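Structure record follows, encoded as structure tokens.
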Amino acid sequence: MSSDANPQQYPGPPSGPAYGSPGPQQPPPGAYQPQQSPPGAYQPQQSPQGAYQPVPYVEPGAPQAGQPPYLPPGAYVPVPPPQPRGGRGAKVAVAAILSVVLIAAVGAVVLFKFVLKGGPDPAESFPASAGMYLEVNLDPSLDQTPKLLEHLSKFEDLDYDSTDDLLTDLLEETGLEGVDAEEDLTSWIGNRHGLAMWTYQDQPYAVVSLASTDAGAAEDGLASIRAAAGATEDQMAYTVEDDHVLMVVGEQDAAAALEAARSEAGADPLSASADYDEARSWLDGDQLAVYWVDMDAVAELAEMTGEDADMFSEFYSGQLIAGFSAFDQGFELSYRLFGDRDDPWTGSGDLLAGMGELPAADFAATVHVPEDIGELTEEWLGAYGLLYGEATAEPAEPALDPLTAEEYAEYLELETGYYAGTLTPEEESRYFELENRYWTAGTEEDPWVDDYDTGPTAEEIQAQVTEITDLLAGADLSVAGDFSADEGVNPESMLLSAHLAEDRAADLQALVEELVAEEGGALPEGVTADGAEISYTGGETASGTLAEDARFSDFAAAAPDQAAVAVWVDLAAAVETYPEDFDGGEPLSAFAWAHGSDGGDGTGVLRLYLTD
């Protein structure tokens with residue numbers, strides 16, 4: 001039941017006129033929309049017959065039986081520090097400053113050949129207590145430089161003739177006016193830069209180190225940028241050294257935070273941190289960009305900004321290191337999570353070899369299911385009460401009275417006036433009152449009733465999940481297929497297979513048939529189950545194998561020895577099949593990703609292949 005004076009509008013009443021017929025209608029585009037109801041308030045659901053019905057009130061925060069919340073990939077994404085409370089202008093100013101900082105640190109990747117001088121190690125300028133750190137080195141070696149420029153030149157939009165052209169475009173995106181790219185940035189900026197997230201006195205700050213080739217020009221340029229952004233020294237503070245600029249951006253007290261950052265970095269820099277040094281040493285060769293994260297610090301930062309970090313902490317701990325570099329055929333991102341506990345996806349030494357035997361399709365994926373997947377699933381789901389929660393939500397009786405026939409007629413009349421914008425304040429208040437009762441309790445003729453299916457019980461979910469995990473423990477699952485301009489994916493090109501650890505393919509087939517039948521479907525013809533192998537092969541699967549593709553073989557050699565999951569996408573085929581969706585993507589050749597384990601740590605590599 002909503003207590004909001006301005007509850008959300010819905011398409012139509014439970015048993016009232018159908019949408020599109022005379023009666024309550026949706027407002028036209030651009031019309032005023034009432035505020036959303038608060039969490040836990042009534043939200044309508046559509047019945048199988050198509051009529052919208054009120055749903056039972058549920059006590060906010062109570063778990064829903066059979067309705068485990070969705071856990072997105074990665075579980076949690078840290079948010080930026082809160083913006084200043086001093087009005088919209090201050091918020092826009094800080095956002096603009098951060099945009100310029102990132103332009104200086106990241107955008108210049110495509111033009112570092114025009115800047116000859118580098119700079120000191122940015123990690124030396126950051127406090128060891130920093131939670132996240134990004135370093136961009138625009139001239140790491142004689143090997144990386146030509147490869148990067150060669151690859152970027154294949155994209156028409158990235159073919160800049162000069163530094164001024166790129167910075168001018170990027171500065172226009174920030175909305176800053178009165179900043180001259182050549183005078184205020186390129187006249188002093190060097191090649192090696194860093195950005196860190198750091199907390200000081202329980203407040204989050206962005207700390208930036210930019211390599212500088214001209215201290216005087218840097219001083220003047222930063223002053224112009226700050227003035228153009230409309231920011232104050234309390235929001236953006238910086239100091240200019242002979243070879244770099246150190247800047248702090250935050251909601252307030254930036255100058256004090258800057259001095260504290262300099263002091264801590266002088267005594268205990270990030271570059272001397274044992275955790276950072278261990279992670280950084282793992283990356284092989286020169287890197288154009290390095291990203292390092294202290295998971296525990298990120299969780300603390302999330303809590304500081306009002307986010308719930310429990311789920312994040314449950315799945316991630318330790319330090320993450322990632323490096324971005326160029327190789328002969330494209331770009332590579334490699335990463336490793338130095339976790340406090342072993343990565344559960346231990347992988348298999350044969351996964352990539354088995355993937356290479358799949359048809360040379362436009363896309364393919366394979367995964368090795370851990371043998372202890374049952375225990376892992378129980379741990380992951382049980383941790384949040386999704387599987388064994390003792391309490392289940394019981395729908396409560398509506399606290400409000402249903403509308404009488406006269407009140408329902410009044411409600412319909414008021415709704416017409418509401419959308420027409422002709423109601424007086426008193427009439428609008430009455431309309432919201434009736435609407436709240438209607439969507440909470442219905443009408444006397446068609447009242448809210450507690451006859452809604454809340455789905456399977458916790459015990460039923462537990463039994464089904466256990467049955468599935470018992471069958472899939474230790475299995476290798478694979479899928480491959482081709483793109484189709486008409487259907488998205490050509491169903492006749494599909495290959496699906498599961499190689500189980502035990503001869504229980506027939507049991508898995510029976511289970512899948514049961515689950516599909518519950519949804520009113522059936523398995524396609526051609527599914528076979530023999531011993532430990534269950535598979536489906538369409539009539540138009542690709543000829544040849546992935547191993548015969550030189551790009552895939554090259555990727556397989558770079559993948560983790562113990563791979564748990566791998567994905568392959570022939571981007572050249574995607575560009576050809578969906579030209580409108582990949583406008584300008586002609587240089588794209590293939591994308592590949594593999595994740596596995598090394599010494600108990602999760603590790604992986606992503607590669608983007610480009611055409612010759």
Side-chain angles (χ1 to χ4, degrees), residues 1-70 72 87-88 91 306 392-455 520:
M1 176 180 65
S2 172
S3 60
D4 198 323
N6 298 302
Q8 182 179 356
Q9 299 299 304
Y10 307 110
S15 300
Y19 185 79
S21 63
Q25 299 289 310
Q26 290 283 24
Y32 165 75
Q33 292 288 331
Q35 298 176 1
Q36 297 284 342
S37 300
Y42 159 76
Q43 298 293 335
Q45 294 182 351
Q46 192 171 17
S47 70
Q49 292 77 23
Y52 283 83
Q53 298 284 350
V55 293
Y57 168 76
V58 178
E59 186 67 25
Q64 296 291 318
Q67 300 293 328
Y70 169 69
R88 182 176 180 274
K91 296 180 180 180
T392 57
E394 292 294 337
E397 291 294 331
L400 301 179
D401 295 329
L403 300 184
T404 65
E406 293 76 13
E407 288 174 328
Y408 180 61
E410 179 187 4
Y411 164 65
L412 295 180
E413 181 179 357
L414 288 172
E415 184 164 68
T416 300
Y418 172 77
Y419 288 133
T422 60
L423 298 184
T424 65
E426 292 78 11
E427 291 173 332
E428 188 175 85
S429 177
R430 174 61 172 169
Y431 165 67
F432 288 138
E433 175 193 347
L434 293 175
E435 184 193 49
N436 189 32
R437 285 175 53 197
Y438 173 68
W439 287 111
T440 303
T443 67
E444 289 183 345
E445 182 179 354
D446 186 17
W448 167 87
V449 291
D450 180 12
D451 61 355
Y452 295 94
D453 183 6
T454 58

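Predicted, not measured: the structure shown is a model, and the values here were computed from it.
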Practice item. Kindly write out the residues that satisfy side-chain contact (heavy atoms from CB on, under 4.5 Å) with Thr422, not counting sequence neighbours, or none if the list is empty. Key: Ala420
Check your understanding: Under 3.5 Å, is there a donor-acceptor pair linking the side chains of Glu415 and Tyr431?
Key -> yes
Practice item. Quick one: list whatever passes side-chain contact (heavy atoms from CB on, under 4.5 Å) with Ser429, sequence neighbours left out. Key: none
Review point. For Glu413, does the CD atom sit with more than 12 other heavy atoms under 6.0 Å from it, leaving out its own atoms?
Key: no
Review point. Can you name the nearest heavy-atom pair linking Tyr411 to Leu403, along with the distance?
Key: CB-CD1, 4.2 Å
Revision key, fill the gap. Nearest heavy-atom contact between Arg437 and Asp401 is NE-O, 3.0 Å
Check your understanding: How many angstroms lie between atom CG of Leu400 and atom CH2 of Trp439, to the nearest 0.5 angstrom?
Key -> 15.0 Å
Point to revise | Set of side-chain hydrogen bond (donor to acceptor under 3.5 Å, both in side chains) partners for Glu410, sequence neighbours left out | key: Arg430
Review point. Nearest 0.5 Å, what's the OG1-CG distance between Thr443 and Leu434?
Key: 12.5 Å
Practice item. Would you name the heavy atoms of Glu407 and Pro402 that are closest together and state the gap between them? Key: OE1-O, 4.1 Å
Review point. Taking all non-hydrogen atoms of both residues, which atom of Leu423 and which atom of Gly417 are closest, and how far apart?
Key: CG-C, 3.6 Å
